[in-house]
Colleague: 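Take this structure first; my questions come after.
Each chain gets a letter, A, B and so on, in the order its sequence line appears, and its residues count up from 1. What's counted below: heavy atoms across the whole structure, side chains too, no hydrogens, waters or symmetry copies.
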Amino acid sequence: MAGSSSSTAETLDPARFRNGTDYSRGFMFYNGLTWLDGNLTPQPELATKWSTTDGSDWTFTLRKGVTFHDGRPFTSADVVFSIKRHNDPQTASRARSYTSSITDVVADGEHAVKITLSEPNYDLPVIFGTFNLLIVPADTTDFDAGIGTGPYKVESFEPGVRSLAKRNDAYWKEGKQFVDTIEFFGLPEESSRLNALRAGEIHLTTGINPRSSRLIKMSKNVELFVTKSGTYSDVIMQKTDPVIGSDDFALGIKYMLQRKTIQSSIYRDFASLGNDQPIAPTMKYYDASIPQRAYDPDKAKFHLKKAGVIGSSVPLVASAGVGNTLDMALIMQQSAKEIGLEIDVKRVPVDGYWSNVWMKVPFGFGTITQRPTADMIFSLCYASDGAYNSSRWKNDKFDQMLKAARVETDEEKRGAIYSDMQQLVRDEAGSGIPVFFSNIDARASSLKGLEPIPTGNMMGYAFAENVWIDQ
Amino acid sequence: MIRLILKRLVLGVLTLWLVATLVFLVSGALPGDAAASLLGQDATPATLAALRAQMGLDQPEFIRYWTWLGGILHGNFGISLANGQPVAQVIATRLPNSLMLAGLSALVAIPVSLVLGIASAMKPNSVFDRLTTLLSIIALSTPSFLIATLFVLVLSVWTGWFPALSSVDRVHSLGGLFQVMTLPVLALSLSVIGQMARMTRAILLQQMNEPYVETAVLKGSSGLRAAVLHALPNVAGPIVNASALSLNALISGVVFVEVIFAYPGLTKLMVDSVSNRDLPLMQACALIFCAGFLILVLIADIIAILTNPKLRTA
């Protein structure tokens with residue numbers, strides 16, 4: 001099995017997992033309290049059931065008879081430790097933004113925990129199904145041994161080189177773990193990954209560019225595995241900039257996006273059309289009744305003229321290493337030229353992009369991977385204080401609706417609020433979302449058992465216990 | 001001779017120190033630091049500050065430099081910021097792989113290029129010479145990653161003769177080693193062979209036109225004897241010197257081979273360390289590459305002195 005990245009920064013500490021390579025290993029060695037199925041609904045895993053009265057006070061009942069790889073029994077102390085460590089700055093957890101509302105976690109006997117939140121959140125079981133919140137044994141300080149409750153045990157792990165996993169014979173789940181060992185290494189070169197797959201040296205690989213899909217379809221014994229997702233690259237127009245920040249500029253650019261061209265020529269139709277709001281058609285609460293914005297040069301020109309930029313030149317920052325955003329920038333440059341706007345595409349290297357360019361330049365690109373719930377994506381990217389509010393959009397009405405939806409227990413009312421929020425973001429926020437692209441993997445035809453889960457590639461990276469090889 | 005080697009060693013240590021200091025200064029100018037790169041999109045001010053303190057990045061630059069230099073003098077390369085393992089340990093797993101790849105490639109490249117170079121110099125403008133020149137130039141001017149990818153496509157994907165990936169970790173026998181090393185060694189040595197054969201030919205050809213070689217031939221020496229025993233010793237110095245430069249590419253210029261064949265060597269480690277802003281690891285790699293280069297040049301100089309009596313007294 002070959003992942004698409006390789007770095008000495010790879011880790012077996014769930015709190016520091018940062019890419020598909022880490023996530024894939026995570027689901028080999030650990031379990032979460034819940035797991036997210038193909039509809040992103042949380043299902044029982046290490047927690048057998050959960051309940052809440054008001055969304056703030058939660059009780060999770062834990063599975064009995066589960067042991068860690070080193071033989072220790074799994075108890076509530078492990079859950080308390082695994083959750084609490086995310087809120088300790090020393091852990092440098094990447095899940096901090098999800099867990100910051102957790103004020104307390106206490107054991108309720110050996111096999112139950114009580115969790116208190118500072119504000120109601122009915123999505124808590126979903127959060128516990130995400131990569132960074134996998135459960136580790138209490139008081140772990142060195143994570144390189146990868147001691148968890150998961151289907152495979154660490155045989156060897158060398159960051160940036162490879163990991164070897166062996167079946168955990170004491171696993172609590174029945175009818176899983178079909179393969180004996182899983183060797184996982186990163187191959188950053190896509191052509192190397194495909195060659196290794198075609199030569200029969202690996203069974204599964206990931207991060208396939210849509211351009212390579214034709215080659216794979218022509219190859220014998222190799223097949224595509226496509227997962228529709230809500231991952232997108234957006235054009236960011238920061239509201240704080242005097243020129244870029246005007247409402248007319250944002251609307252003009254949104255009308256100028258040639259979504260169909262981007263969908264077919266960049267993504268070879270492995271993408272669905274976006275409507276400048278982050279809830280993808282595959283996600284719960286997606287409102288299909290909101291009219292799809294289409295390419296309209298006249299309206300684009302009208303708004304851009306009102307924004308006072310026709311005839312002038314605006315810089316747009318793009319990087320060839322960030323998704324396919326450079327190609328998008330070039331398509332935008334062409335359509336802008338036709339209506340009299342000069343877009344000056346500034347190319348920057350991907351190195352240091354996320355810390356120094358993203359969210360710092362007024363007119364640029366970002367990539368947001370699918371989040372499991374509408375609340376997560378809205379709070380992260382569009383709430384006024386959202387950590388990834390890259391267009392610096394502040395809207396009190398939106399913030400109020402976000403809070404109202406979080407505590408709304410009536411599904412229908414909750415859906416209605418989310419519809420209004422989608423409309424609001426589509427019309428007023430400073431981000432253009434042209435398409436949602438699919439996750440593309442490639443597998444040997446003999447490898448079976450993969451089912452799409454939209455949180456990521458290869459079954460939301462949880463392929464390990466689910467795949468088998470047909471002889 | 002011993003004085004020369006000693007002098008070179010002192011200069012070498014000085015060069016290493018300069019390189020290390022430069023790497024330190026330049027890495028400070030790179031955007032972002034190890035903490036920011038580790039946390040990426042998910043960085044919050046509190047986690048960033050905590051991680052920086054853990055890594056010692058909150059110290060002033062001068063103090064960090066001083067601590068690091070002190071560590072080196074005690075043989076301690078520090079802790080990798082990216083994964084918390086000791087740098088020496090990380091390097092120890094990769095260095096033997098790099099040395100093996102470079103060694104095997106040199107073992108292939110040196111004899112082949114010398115034979116090709118000498119043979120073409122003996123019969124300039126012959127069909128053999130022209131063919132060698134043409135192939136050398138093709139090998140030299142084709143980007144190495146393309147050569148490597150073509151090799152994989154033909155010798156692995158289509159024919160299945162060799163594995164597409166070089167998982168040296170899994171090799172337990174000599175035959176297995178041959179299997180996994182053939183493609184990377186071929187890909188790596190081709191351009192070096194091209195370069196060295198061209199240089200050997202050019203340098204030797206110049207000598208072949210000298211009167212003393214002509215005299216040797218007139219005295220009845222065969223062409224091969226005149227070239228190898230008469231002309232070659234006189235140009236061994238320049239050839240070895242030029243070769244040292246080409247061979248250096250086998251150590252530090254092989255990132256494409258490591259990436260394409262998933263070969264766990266030093267250059268990929270260095271690229272990782274730069275993108276992770278992992279300064280201790282970056283420093284150690286830079287020092288090793290620099291030391292490798294200095295050692296090659298030193299060996300070349302010693303061979304030049306041994307083959308040239310005029311230099312021995314210096």
Colleague: Below 4.0 angstrom, N of the basic side chain to O of the carboxylate: do A:Asp22 and A:Arg94 qualify?
Modeller: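 Salt bridge: no.
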Colleague: Name the region of A:Arg16, side chain, backbone, both or neither, that has any atom closer than 4.5 Å to a heavy atom of chain B.
Modeller: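 Side chain only.
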Colleague: Side chain from CB out, backbone as N, CA, C, O: work out which of these in A:Ser7 comes under 4.5 Å of a heavy atom of chain B, or both, or neither.
Modeller: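 Its backbone and side chain both get close to chain B.
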Colleague: Find the distance between CZ (A:Arg198) and CD1 (A:Ile216) and round it off to the nearest 0.5 Å.
Modeller: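 It comes to 9.0 Å.
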Colleague: Side chain, backbone, both or neither: which part of A:Ser6 has a non-hydrogen atom closer than 4.5 Å to chain B?
Modeller: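 For A:Ser6, heavy atoms of backbone and side chain both lie under 4.5 Å from chain B.
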Colleague: So which of A:Arg193, A:Arg18, A:Glu10 has the biggest tally of heavy-atom pairs under 4.5 Å with chain B?
Modeller: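 Ranked by heavy-atom pairs under 4.5 Å with chain B, first place is A:Arg18.
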Colleague: Describe, in one word, how the ring planes of B:Trp66 and B:Phe62 are oriented to each other, choosing from parallel (under 30°), tilted (30 to 60°) and perpendicular (over 60°).
Modeller: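 Parallel, since the angle between the ring planes stays under 30°.
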Colleague: Do A:Pro372 and A:Thr130 come within less than 4.5 Å of each other through their side chains, counting heavy atoms only?
Modeller: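 With C-beta onward as the side chain, the pair touches.
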Colleague: Counting heavy-atom pairs under 4.5 Å to chain B, which of A:Thr8, A:Asn356, A:Val161 comes out on top?
Modeller: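 Max contact count across the listed options: A:Thr8.
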Colleague: Find out whether B:Gln85 and B:Ile79 are in side-chain contact, i.e. whether some heavy atom of one side chain is under 4.5 Å from a heavy atom of the other.
Modeller: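 Side chain of B:Gln85 against side chain of B:Ile79, heavy atoms only: no contact under 4.5 Å found.
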Colleague: Between atom CD1 of A:Ile127 and atom CZ of A:Arg371, what is the distance when rounded to the nearest 0.5 Å?
Modeller: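 If I round to the nearest 0.5 Å, the distance is 11.5 Å.
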Colleague: Find the distance between CE (A:Met1) and OG1 (A:Thr181) and round it off to the nearest 0.5 Å.
Modeller: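 So the CE of A:Met1 and the OG1 of A:Thr181 are separated by 14.0 Å.
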Colleague: Identify the residues of residues 276-283 of chain B whose heavy atoms come closer than 4.5 Å to a heavy atom of chain A, ordered by number, or report 'none'.
Modeller: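 Hits under 4.5 Å: B:Asn276, B:Arg277, B:Leu281.
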Colleague: Decide yes or no for B:Thr142 and B:Leu190: does some side-chain heavy atom of the first lie under 4.5 Å from some side-chain heavy atom of the second?
Modeller: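 No, their side chains stay 4.5 Å or more apart.
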Colleague: A:Arg25 versus A:Phe17: any side-chain heavy-atom pair under 4.5 Å?
Modeller: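 Counting from C-beta outward, A:Arg25 and A:Phe17 never come under 4.5 Å.
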Colleague: Side chain from CB out, backbone as N, CA, C, O: work out which of these in A:Leu197 comes under 4.5 Å of a heavy atom of chain B, or both, or neither.
Modeller: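 No part of it gets close to chain B.
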Colleague: Looking at B:Ser156, B:Ser273, B:Ala82, B:Ala34, which has the largest count of heavy-atom pairs under 4.5 Å with chain A?
Modeller: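 Highest number of heavy-atom pairs under 4.5 Å: B:Ala82.
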Colleague: Which answer fits B:Thr93, side chain, backbone, both or neither, if we ask what part of it has an atom under 4.5 Å from a heavy atom of chain A?
Modeller: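 Contact with chain A involves the side chain of B:Thr93 alone.
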Colleague: Which bit of A:Gln90 comes within less than 4.5 Å of chain B, counting heavy atoms only: side chain, backbone, both or neither?
Modeller: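 For A:Gln90, the contact with chain B is made by backbone and side chain together.
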Colleague: Side chain from CB out, backbone as N, CA, C, O: work out which of these in A:Asp144 comes under 4.5 Å of a heavy atom of chain B, or both, or neither.
Modeller: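 The side chain, not the backbone.
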Colleague: Quick one: sort the A:Phe131 and A:Tyr23 rings into parallel, tilted or perpendicular, breaks at 30° and 60°.
Modeller: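 If you compare the ring of A:Phe131 with that of A:Tyr23, the planes turn out parallel.
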Colleague: For residues A:Leu447 and A:Glu223, determine if any side-chain heavy atom of one lies less than 4.5 Å from a side-chain heavy atom of the other.
Modeller: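 Result no, sub-4.5 Å side-chain heavy-atom pair not found.
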Colleague: If contact means a heavy atom pair closer than 4.5 Å, which residues of residues 254-270 of chain B contact chain A?
Modeller: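 Listed by number: B:Val259, B:Ile260, B:Ala262, B:Pro264, B:Lys268, B:Leu269.
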Colleague: About how many Å separate OG of A:Ser93 and CG of A:Leu133, when rounded to the nearest 0.5 Å?
Modeller: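 Interatomic distance, A:Leu133 CG to A:Ser93 OG, rounded to 0.5 Å: 7.0 Å.
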Colleague: Measure the CH2-CZ distance between A:Trp358 and A:Phe365 for me, rounded to the nearest 0.5 Å.
Modeller: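 Rounded to the nearest 0.5 Å, the CH2-CZ separation comes to 14.5 Å.
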Colleague: Report yes if some heavy atom in the side chain of B:Leu18 is under 4.5 Å from a heavy atom in the side chain of B:Leu22; otherwise report no.
Modeller: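 A side-chain contact is absent here, since even the closest heavy-atom pair is not under 4.5 Å.
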